[in-house]
Amino acid sequence: MAVIEKGGSSSGSSGKSALAFINDERFRSVFYQLLVGAIVLVAGYYLYANTAANLDARGMEVGFGFLGSTAGFSIAWSLIPYTPGDTYFHVFLVGIGNTLLVAAIAILTSTFLGFVMGVLRLSKNWLIRNIAAWYVEILRNTPLLLQILFWFLTVFALLPSPRQSLEPMTGFVLNNRGFYFPSPQPGDLFFLTAGAFVIGIVGAFILSKWATKRLFDTGQKTPVFPISLGLIFGFPLVVFLVTGAPLAFDLPTLQGFNFVGGGSVPPAFCALLLALTIYHSCFMAEAVRAGILSVSHGQTEASYSLGLKPSWTLRLVIIPQAMRAVVPPMISNWMNVVKNSSLAIAIGFPDLVAVFMQTSLNQSGHAIEIVAMVMLFYMTVSLSISLALNQYNKSVQLKER
Amino acid sequence: MSDTTHSDAVFRPKPSLPPPPNTVGVVGWLRKNLFGGPIDTIFTVVGIWLIGTLLVTVYQYGIANAVWEANSYRECLDTVLPNGEKVGHSGACWAGVAVWMNQYIYGRYPDPEQWRVQLCLAILVLWLMPFWLPRVTAKIQTGLSAVLTFPFLAAHILLGGEAGSFLMLTSSLALALFVTVWLNVITSYAMNKSVGKLVVELTGMADKDDRLHKWVLLAGFAVVFLGALAYESSWDLVAVPTTDWGGLFLTLCISGIAIASAIPSGVILALGRRSKMPVIRVFCTMWIELFRSVPLITILFMAVTMMPLFLPVELNPDKLVMVIVAVCIFASAYMAEIVRGGLQAIPKGQYEAAQALGLNYWKVTTFIVMPQALKLMIPNIVGNFIGLLKDTTLVSIIGLYDILLMAKASGQDPNWLGLHAEPMLFAAGVFFIICFAMSKYSQHLERTIAGGYGRR
Amino acid sequence: MSMDTSSVDPTSGEYVASTMSDEVVIELVQVNKWYGEFHVLKDIALSVNKGERIVICGPSGSGKSTLIRCINRLEEHQAGDILVNGTALDTNVKNIDAIRRDVGMVFQSFNLFPHLTILENCTLAPIWVKGLPKAEAEKIAMQYLERVKIPEQAAKYPGQLSGGQQQRVAIARSLCMSPNIMLFDEPTSALDPEMISEVLDVMVGLAETGMTMLVVTHEMGFAKKVADRVIFMDQGEVVEQNTPDEFFNNPKSDRTKLFLSQILAH
Ligand SMILES: Nc1ncnc2c1ncn2[C@@H]1O[C@H](COP(=O)(O)OP(=O)(O)OP(=O)(O)O)[C@@H](O)[C@H]1O
Ligand SMILES: [Mg+2]
């Protein structure tokens with residue numbers, strides 16, 4: 001079709017008009033592209049010229065030199081140690097550390113809660129099914145920012161002062177300054193317990209491989225789960241006790257008007273984590289539900305009629321198929337958790353956006369560089385996650401005719 | 001076989017018996033759905049306890065112990081319950097919400113001018129109404145005219161003051177289009193013909209060459225347009241700066257514009273990303289990937305910190321405008337991926353069939369592919385709208401007084417210091433109702449569309 | 001095991017001699033089942049001998065599928081008894097497991113596991129349920145795949161096979177558990193005509209090995225060739241049961257006649 005058209009236009013009209021080439025497909029393609037390119041360039045130049053003029057007027061220069069200068073402000077809480085004397089670049093790293101910490105914990109908790117809610121939504125029990133459904137409907141249809149503010153302003157801001165702290169368990173303290181918990185102080189020989197733990201995990205991994213091989217070779221099943229539990233938790237415990245329990249806990253204690261010692265996170269961290277967990281668990285639940293529903297009932301029936309028990313049917317037939325449908329939306333949800341952790345700024349938790357894009361930017365004025373750096377960080381995270389996702393999709397794609 | 005007819009045993013089906021009583025009816029339903037086994041029973045009991053506690057708490061807090069009239073939060077807290085105790089935090093202080101209600105909805109938009117907001121809403125509803133009127137034709141044109149020109153009319157009405165010539169022209173065009181749409185509705189119902197046809201008939205051009213009709217219609221529309229322009233020039237509205245806009249009204253304003261702009265820009269970006277021309281493809285892909293991978297709040301920050309650098313100082317862009325631009329950019333990238341998904345779902349055969357009929361790229365896209373793809377995309381588009389509406393709350397972080405910041409602000413008012421939970425719950429209720437209704441409507445649309453495909 | 005009698009029409013030719021014994025393997029006594037208020041199975045009484053081949057036919061919605069699905073408890077009956085190999089089907093999970101191990105089932109829609117290869121489909125249950133070593137399970141699976149004439153497809157995935165091939169794999173997959181009883185629920189009705197004969201071919205071959213078979217099908221040629229008994233159901237009850245000869249040539253009930261005239265009309 002295209003060939004005929006092209007041939008027709010070039011041969012048929014070339015004699016009539018010198019403008020015939022405007023009907024040529026290739027010419028049009030090049031023309032459009034040049035046009036778009038030119039528009040982008042002109043717009044880019046316009047913005048560049050304005051920016052240069054504006055910066056000039058303010059007596060500023062673009063450059064990353066400011067990253068080496070002292071930030072001077074303090075950061076309320078950080079995973080990476082920080083003092084006001086540190087540089088802007090260090091602030092950038094501190095922000096990344098805080099962002100990744102809250103996002104990582106929220107990913108774990110929301111995924112777990114989401115799995116539970118997703119399975120409950122498919123419960124045979126009418127009441128449970130409906131409770132789970134309303135949980136999902138109500139919480140995913142209200143804005144996350146609103147939920148964050150709600151938890152922060154109405155729960156964590158109303159907590160008692162340090163002197164009247166809540167202490168549900170010895171060493172775990174909750175008050176309006178934050179959540180305090182015992183921080184472990186490993187002794188000299190503790191590395192042996194840690195080592196035993198690692199060995200336990202490796203051992204459990206090897207065991208499961210070996211169990212599969214044994215099953216295939218001899219047809220005998222191995223109770224992998226209890227043995228693994230023993231390896232991962234029992235073995236380190238034994239080592240721990242034998243080496244004389246070389247682990248002390250530094251308990252938070254009230255001194256004057258505040259708690260010292262132990263570990264702590266600010267109230268904003270708790271509110272953010274709670275809201276992220278609850279909000280995203282709704283989306284995870286939907287993904288899990290849709291994934292399980294995507295496996296047709298015929299699969300279960302076929303498996304049952306082969307004599308596979310319900311638990312094996314779940315493990316060998318349903319879950320492997322459901323995972324294909326669950327993992328992609330699940331991973332994009334994880335991405336959203338990372339992005340939404342930036343709402344921390346609304347309640348003053350010092351994440352990357354708060355410490356760098358707000359405080360540092362306001363103080364140094366280097367808007368372009370800072371915005372670019374922050375965006376680059378989020379793009380890197382996002383692109384690496386989608387790369388992993390593509391890899392996964394490729395590896396599980398069903399073979400079709 | 002006729003020889004055996006008389007020896008036939010006649011088949012009389014056995015009567016259907018009622019099932020065993022414990023498998024049907026209320027008992028059967030309870031056994032099946034709530035008390036299927038010991039574990040199920042435990043779950044049910046826990047569930048009932050959970051719901052019971054929740055309902056009692058909500059009733060206690062929201063109704064029984066709630067205070068409906070008071071002049072300050074202190075007064076709320078100190079109100080004495082029938083049992084002699086003070087309310088404190090055991091009951092909601094709806095009085096504060098009631099006092100602030102007007103600002104949750106309109107922000108600081110002056111009271112005597114609030115009819116303008118209501119008028120805009122009424123115009124929008126009326127403009128979109130023909131969608132649900134079965135006898136009216138030209139639904140696509142109606143929708144397009146609303147999406148493309150209503151914002152200008154609304155801007156003129158809401159901003160008031162001296163409108164620049166650009167806003168004057170575009171808003172008059174919008175008004176003219178709106179009037180035409182409704183003339184069309186009226187003629188469709190009263191005379192069973194479209195307004196265009198009527199005009200052609202009235203001017204006696206009906207039997208003339210079809211090509212002339214276009215000019216007649218254009219002339220007719222020009223008359224309406226001039227009328228609208230004259231009418232709008234006579235307006236004398238008090239200027240209300242955008243800094244006074246706020247509340248739910250502002251939230252809907254921003255999200256509405258973003259939603260309206262997202263569809264066309266998303267379509268263009270999606271087509272660009274699928275284009276065979278590398279320059280266009282790379283540009284669109286970069287745009288989409290960049291703005292999808294960063295949080296909205298960074299785009300908003302970029303808008304308010306970098307836009308003033310990018311633009312000439314004289315322009316001095318309004319903060320609201322910058323925010324709207326940022327939200328639109330964000331929305332366009334997400335919509336582009338939805339449109340791309342919809343386009344990918346259209347079988348290749350459709351393109352080939354259309355090309356075989358001799359349609360060129362633009363015709364294939366507009367008349368064959370897009371209509372089908374848009375139908376497939378409706379659930380995702382609505383989902384995206386819901387997300388966008390919720391995300392609009394982020395503008396509160398950079399200091400626009402949307403419903404969320406208003407709700408927060410009411411707790412910082414000296415009279416109502418500490419009033420946080422109630423405004424938040426109110427705002428949550430508003431969002432829930434809007435979003436839940438939208439998602440139910442989209443599920444309904446999804447079913448009707450699926451049904452439509454099935455029947456055909 | 002003379003599977004190489006691959007005639008063009010598997011259902012034509014000699015009647016396959018019965019190997020039926022007196023031992024009863026399936027016994028249904030006054031079985032009743034309801035879906036909500038709807039009475040699907042009414043007082044079904046049926047006893048099946050070892051090696052017996054039974055074809056069940058009847059109009060759509062008459063309860064044929066429901067009946068055979070009750071036999072391996074994919075559906076639960078509410079009244080009456082079902083005994084398989086002398087074991088009663090009740091809520092005892094051990095009994096259900098034991099019976100399912102001994103009863104194979106082939107579905108109209110194949111229900112192969114799409115995430116496993118053909119060979120893995122066939123070895124999954126032998127490895128996990130019977131505890132066979134993988135190598136042995138694969139050897140057995142290959143034997144059955146050869147019997148259904150698709151050993152060369154073993155490494156492919158179900159999605160890559162035609163409908164007829166998939167159904168033959170489904171049969172092989174069931175046979176790998178060496179069941180004593182096989183249930184077929186309209187195994188050919190989702191297939192194109194040329195694929196039907198390749199599946200029926202396999203089923204005829206299976207009949208020749210003396211397998212106890214309950215087959216829901218409308219393939220009357222198959223019934224004539226292998227059935228010891230044809231059961232006609234309507235509205236949830238057994239209207240008539242007889243040898244194929246009597247059933248087709250001398251039906252007793254007016255309902256059966258009507259059904260036969262409709263089904264043989266084309
Ligand atoms: N899960 C179910 N819930 C409610 N009713 C059902 C269910 N399964 C089947 N039925 C009803 O029970 C009746 C018998 O169904 P069944 O599938 O056994 O019929 P069938 O004889 O196999 O028909 P077909 O030849 O169409 O497969 C039908 O009227 C059907 O509508
Ligand atoms: Mg059936």
Side-chain angles (χ1 to χ4, degrees), chain A residues 1-2 29-30 32-34 36-37 40 46-48 50-51 53-55 57 123-131 137-138 140-147 149-150 153-154 157-158 335 338-343 345-346 353 357-358 361 367-368 370-371 374-375 378-383 386, chain B residues 29 32-34 36 40 43-44 46-48 50-51 89 272 276-280 283 289-290 292-299 301-302 305-306 308-313 355-356 358 386 389-394 396-397 404 407-408 411 420-421 424-425 427-429 431-432 434-436 439:
Chain A
M1 186 70 214
S29 163
V30 170
Y32 286 141
Q33 296 190 57
L34 282 179
V36 170
V40 171
Y46 173 74
L47 297 181
Y48 171 76
N50 282 329
T51 311
N54 285 332
L55 286 176
S123 161
K124 267 189 259 169
N125 189 315
W126 179 88
L127 195 66
I128 297 298
R129 193 166 66 221
N130 274 286
I131 291 177
E137 286 297 355
I138 290 178
R140 74 168 176 178
N141 278 319
T142 41
L144 172 62
L145 183 59
L146 197 154
Q147 295 186 27
L149 284 176
F150 180 84
L153 292 174
T154 68
L158 292 185
M335 190 55 232
V338 176
K339 285 193 274 175
N340 281 339
S341 67
S342 62
L343 297 187
I345 193 174
V353 173
M357 215 170 184
Q358 194 175 43
L361 192 153
I368 298 174
I370 286 178
V371 168
V374 172
M375 288 198 162
Y378 283 107
M379 278 190 80
T380 314
V381 175
S382 157
L383 291 184
S386 55
Chain B
W29 188 89
K32 186 159 168 267
N33 290 302
L34 294 180
D40 233 15
F43 266 137
T44 304
V46 171
I48 290 175
L50 214 80
I51 293 188
H89 289 288
K276 292 196 193 72
M277 304 177 214
V279 173
I280 294 178
F283 178 73
E289 288 302 324
L290 170 66
R292 269 169 54 86
S293 60
V294 301
L296 173 58
I297 186 67
T298 61
I299 304 179
F301 267 118
M302 183 183 83
T305 59
M306 279 168 60
L309 281 179
F310 283 164
L311 297 175
V313 190
Q355 276 169 355
I386 295 175
L389 182 64
K390 288 186 291 176
D391 282 342
T392 307
T393 52
L394 265 63
S396 66
I397 296 178
L404 190 56
K408 202 176 154 195
H420 288 304
M424 290 288 158
L425 289 172
F431 277 106
F432 175 73
I434 300 178
C435 297
F436 188 65
S439 76

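Order of the sequence lines sets the chain letters (A, B, ...), proteins ahead of strands, with each chain counted from 1. Keep in mind that this is a model prediction, so the values were computed, not measured.
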Name the option with the most non-hydrogen atom pairs under 4.5 Å to chain B; the candidates are [options].
options	result
A:L343, A:I131, A:L153	A:L153
A:Q358, A:M335, A:Q147	A:Q358
A:V374, A:I345, A:N130, A:I370	A:I345
A:L144, A:L34, A:I138	A:I138
A:V36, A:V30, A:L47, A:V40	A:L47

Pairwise distance [atom1]([X]) to [atom2]([Y]) - rounded to 0.5 angstrom:
X	Y	atom1	atom2	answer
B:R292	A:M379	CZ	CE	11.5 Å
B:M302	A:M375	CE	CE	4.5 Å
B:F310	A:T51	CZ	OG1	5.0 Å
B:F43	A:R129	CZ	CZ	13.5 Å
B:T44	A:N125	OG1	CG	3.5 Å
B:L34	A:W126	CG	CH2	7.5 Å

Compare all side-chain heavy atoms of [X] with those of [Y] and state whether any distance is below 4.5 angstrom.
X	Y	value
B:P295	A:Y378	yes
B:M424	A:L149	yes
B:F301	A:L361	no
A:V353	B:T298	yes
B:P312	A:Y46	yes
A:K339	B:V294	no
A:Q33	B:P278	yes
A:L145	B:I397	yes

Discussion item. Donor-acceptor check, side chain of A:N54 to backbone of B:L309, threshold 3.5 angstrom: yes or no?
Written reply: yes
Residue set satisfying side-chain contact (heavy atoms from CB on, under 4.5 Å) with B:L389, at least two apart, ordered chain then number -> B:T251, B:L252, B:S255, B:F431, B:I434, B:C435
Quick one: of [options], who has the most non-hydrogen atom pairs under 4.5 Å with chain A?
options	value
B:D391, B:L50, B:L311, B:L296	B:L311
B:K276, B:M277, B:H89	B:M277
B:L404, B:I299, B:I280	B:L404

Quick one, A:F150 with B:L425, criterion side-chain contact (heavy atoms from CB on, under 4.5 Å). Give me CA distance, side-chain angles, the key distance, then yes/no.
CA-CA 8 Å; A:F150 180 84; B:L425 289 172; 3.8 Å; yes
Need one label for [X]: side chain, backbone, both or neither, based on atoms under 4.5 Å from any heavy atom in chain B.
X	answer
A:L146	both
A:V381	neither
A:A346	both
A:I368	both

side-chain contact (heavy atoms from CB on, under 4.5 Å) assessment of A:L383 paired with B:E289: CA-CA 9 Å; A:L383 291 184; B:E289 288 302 324; 4.1 Å; yes
So, the part of B:L394 with a heavy atom under 4.5 Å from chain A: the answer is both
Bottom line for B:T392: the part with an atom under 4.5 Å from chain A's heavy atoms is neither
- Message: Let's go through B:I51 and A:L127 carefully: what are the C-alpha distance in whole Å and the side-chain angles of both, what is the deciding distance for side-chain contact (heavy atoms from CB on, under 4.5 Å) to 0.1 Å, and is it a yes or a no?
- Response: CA-CA 10 Å; B:I51 293 188; A:L127 195 66; 3.9 Å; yes
Across all chains, not counting sequence neighbours, the side chain to side chain donor-acceptor pair (under 3.5 Å) partners of B:K408 are none
